[in-house]
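Working notes, beginning with the structure itself.
Owing to the predicted nature of the structure, the values given are computational and were not obtained by experimental measurement.
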Amino acid sequence: MVKKFVHHRDELNHGFQELRQSLPEVMKGLAKLHREATADGVISAKTKELIALAIGVATQCTGCITLHVSDALKAGASKEEISEAVGVAILMGGGPAAIYGIDALEALEQFRSEQAQADVDNNG
């Protein structure tokens, strides 16, 4: 069965909204950490998202894969860059990471399709 990563991203974002209501200070802290850790610096935001994606694949976290493929694309990562990040994750995580690497590449295709549709809707 093919996972629906666009839908999964939306479910995760809804879950984060619920966590912000239940744990506002904790989630403010997490949001600040996320902004600071992924901001452009000596390492670009795009590269940081690729690192986060590779860690998500290597640690077998579907939610991390979903969010970081989406965010890597938003940060300007190409299909080839995302694919190479998955390759590094497989190096570090072996066979199990390869299984999650399949998820990352499927997420990539779904988010690219979503972006293409948004471009058509905005320009059409």
Side-chain angles (χ1 to χ4, degrees):
M1 173 198 284
V2 174
K3 294 177 182 73
K4 305 293 185 200
F5 289 96
V6 172
H7 180 69
H8 189 224
R9 181 201 52 208
D10 295 343
E11 287 177 335
L12 289 169
N13 286 331
H14 178 74
F16 284 132
Q17 288 175 353
E18 290 180 3
L19 280 173
R20 280 192 291 276
Q21 290 174 354
S22 296
L23 302 164
E25 294 306 312
V26 170
M27 295 309 290
K28 281 181 193 174
L30 181 61
K32 183 177 187 327
L33 175 61
H34 183 266
R35 279 190 310 275
E36 295 293 326
T38 60
D40 275 323
V42 175
I43 299 173
S44 70
K46 176 177 81 171
T47 300
K48 291 176 181 183
E49 286 299 336
L50 293 169
I51 291 168
L53 170 60
I55 292 168
V57 170
T59 61
Q60 305 170 24
C61 177
T62 301
C64 299
I65 292 166
T66 299
L67 296 174
H68 291 295
V69 167
S70 179
D71 289 348
L73 285 169
K74 288 177 189 170
S78 69
K79 177 180 182 177
E80 295 77 15
E81 289 169 319
I82 290 171
S83 294
E84 285 192 18
V86 170
V88 173
I90 292 169
L91 164 70
M92 300 306 293
I99 300 301
Y100 283 84
I102 294 167
D103 283 353
L105 295 181
E106 179 59 33
L108 167 64
E109 291 309 313
Q110 290 180 26
F111 288 123
R112 288 180 72 210
S113 178
E114 178 191 46
Q115 283 183 340
Q117 185 59 51
D119 291 344
V120 168
D121 292 346
N122 291 331
N123 296 322

| said: Tell me whether Val57 shares a hydrophobic cluster with Ile51, the cluster being built from Ile, Leu, Val, Met, Phe, Trp, Tyr side chains joined at under 4.5 Å. | reply: no
| request: List in chain and number order the residues that pass side-chain contact (heavy atoms from CB on, under 4.5 Å) with Lys46, two or more places apart in sequence or in another chain; answer none if no residue qualifies. | output: Ser44, Leu50, Ala75, Ala77, Glu81
| said: With clusters defined by side-chain heavy atoms of hydrophobic residues (ILVMFWY) lying less than 4.5 Å apart, directly or transitively, does Ile55 cluster with Phe5? | reply: no
| field | Side chains of Asp121 and Gln117, donor plus acceptor under 3.5 Å | value | yes
| field | Rounded distance [0.5 Å steps], CD in Glu106 versus CD in Glu109 | value | 7.5 Å
| Considering all heavy atoms, the nearest Ala89-Ala97 contact | O-CB, 3.5 Å
| query | Measuring from His68:NE2 to Leu73:CG, what's the distance to the nearest 0.5 Å? | reply | 13.0 Å
| Taking atom CZ of Arg20 and atom CD of Glu18, what is their separation to the nearest 0.5 Å? | 10.5 Å
| field | Pairwise distance NZ(Lys79) to CZ(Phe111) - rounded to 0.5 angstrom | value | 15.5 Å
| Shared hydrophobic cluster, Leu23 / Phe16 (ILVMFWY, side-chain heavy atoms < 4.5 Å) | yes
| task | Over all heavy atoms of both residues, which pair between Ala54 and Ala85 is shortest? Give the atoms and the distance, please. | result | CB-O, 3.6 Å
| Euclidean distance, Lys74 NZ relative to Leu67 CG, rounded to 0.5 Å | 9.0 Å
| query | Considering all heavy atoms of both residues, which atom of Pro96 and which atom of Gly93 are nearest to each other, and what is their separation? | reply | CD-O, 3.6 Å
Side-chain donor-acceptor contacts of residues 30-42 below 3.5 Å, not counting sequence neighbours, with atom names and distances?
residue : atom : partner : partner atom : Å
Thr38   : OG1  : His34   : O            : 2.7
Asp40   : OD1  : Ala45   : N            : 2.6

| remark: Nearest heavy-atom contact between Ala104 and Val86 is CB-CG2, 3.7 Å
| task | Drop me the distance from Asp103's CG to Leu108's CG, to the nearest 0.5 angstrom. | result | 12.5 Å
| said: According to a hydrophobic-cluster definition based on side-chain heavy atoms being under 4.5 Å apart (Ile, Leu, Val, Met, Phe, Trp, Tyr only), do Val26 and Leu19 belong together? | reply: yes
| task | Test Thr66 against every option in Gln110, Arg9, His8, Lys3 by the side chain to side chain donor-acceptor pair (under 3.5 Å) rule and name the one that passes. | result | His8
| field | Single-linkage hydrophobic cluster Leu105~Val69, side-chain heavy atoms < 4.5 angstrom | value | yes
